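Right, one structure below, let's go through it.
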Amino acid sequence: MDQRNLISSMFFFLLASILLITSLGLGVGSPANPQTGFMPFLISVLLLVFSLMLFVSAYQDRSVSVRLAALWRHIHWPKNVIALVFLSIYLLALPLAGYLIATGLLMTALLLLNSIKLRTSALTAALAVLVSYGLFHFIVKTPLPRGIWGF
């Protein structure tokens with residue numbers, strides 16, 4: 001039995017339960033008239049279903065016997081620490097540099113960290129940032145941090 005999947009499914013079940021209770025407190029409404037808690041409610045229901053499916057699958061699967069200690073065996077700690085440093089710098093730089101620049105640099109750095117060539121990393125980051133900016137700015141009409149340069 002794979003203890004990793006058992007433990008992670010229990011964790012996500014607990015998380016989804018808390019989210020479900022919180023979303024009910026916000027008010028769910030109806031699909032025709034959604035309230036603040038509507039989307040968190042739907043997400044928590046999906047998370048509950050998927051975590052239950054994972055739990056049942058992991059509990060029934062006796063072919064794999066993985067212990068929890070095996071989870072930490074092959075982690076590349078230096079990359080994780082560097083990614084955490086990049087994310088911390090991103091949090092500090094976002095209000096100053098703005099969404100476009102800060103997110104583009106973060107994505108490029110994270111892709112480079114995973115041994116992707118500079119040109120590919122920069123193009124992928126630029127495309128992802130522009131698509132996400134377009135989605136949030138033009139479709140959802142949600143303001144994103146502009147930074148000191150106004151973009």
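Given the structure is predicted, the values throughout are model-derived calculations rather than measurements. Computed over heavy atoms, backbone and side chain alike; hydrogens, waters and symmetry mates excluded.
Using a distance-only test at 3.5 Å, with no hydrogens or angles considered, a donor-acceptor pair links the side chain of Ser51 to the main chain of Leu48.
Closest heavy-atom contact between Thr108 and Gly104: OG1-O, 2.8 Å.
Here Leu100 contributes atom CG and His137 contributes atom NE2; the two are 9.5 Å apart, rounded to the nearest 0.5 Å. Taking CZ from Phe86 and CE from Met107, the interatomic distance works out to 13.5 Å, rounded to the nearest 0.5 Å. Here CG of Leu94 is found 11.5 Å from CG of Leu105. Values are rounded to the nearest 0.5 Å. Atom-to-atom distance recorded for Leu87:CG and Ile82:CD1 is 12.0 Å, nearest 0.5 angstrom. Note that the CG atom of Leu6 and the CZ atom of Phe11 stand 15.5 Å from one another [nearest 0.5 Å].
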Start with the C-alpha distance between Tyr99 and Val129, add both sets of side-chain angles, then the distance that settles side chain to side chain contact (heavy atoms under 4.5 Å, CB included), and finish with yes or no.
CA-CA 8 Å; Tyr99 177 80; Val129 167; 4.2 Å; yes
Report, one line per pair, each donor and acceptor closer than 3.5 Å where one atom sits in a side chain of residues 15-40; sequence neighbours left out.
| residue | atom | partner | partner atom | Å |
| --- | --- | --- | --- | --- |
| Ser17 | OG | Phe13 | O | 2.8 |
| Thr22 | OG1 | Ile18 | O | 2.8 |
| Ser23 | OG | Leu19 | O | 3.2 |
| Ser23 | OG | Leu20 | O | 2.8 |
| Ser30 | OG | Asn33 | N | 3.1 |

Return a table of donor-acceptor pairs under 3.5 angstrom between the side chains of residues 110-119 and protein atoms on other chains or two or more places apart.
| residue | atom | partner | partner atom | Å |
| --- | --- | --- | --- | --- |
| Asn114 | ND2 | Leu110 | O | 3.2 |

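Note: the hydrophobic cluster containing Tyr90 does not contain Leu92 (ILVMFWY, side chain heavy atoms under 4.5 Å, direct or indirect links). Put simply, Val45 and Leu52 are part of the same group of oily side chains (I, L, V, M, F, W, Y) that touch within less than 4.5 Å, one to the next. In the hydrophobic cluster analysis, where Ile, Leu, Val, Met, Phe, Trp and Tyr join through side-chain heavy atoms closer than 4.5 angstrom, Met10 is grouped apart from Val49. Placement of Leu14 and Met53 in two distinct hydrophobic clusters is found when ILVMFWY residues are connected by side-chain heavy-atom separations under 4.5 Å, directly or transitively.
Thr103 and Tyr133 are not linked by any side-chain donor-acceptor pair at a separation below 3.5 angstrom, with hydrogens and angles left out of the test.
Side-chain contact between Leu54 and Ser8 is present, with heavy atoms from C-beta onward closer than 4.5 Å.
Val131 shares a hydrophobic cluster with Leu127; the chain of contacts runs through ILVMFWY side chains whose heavy atoms sit under 4.5 Å apart.
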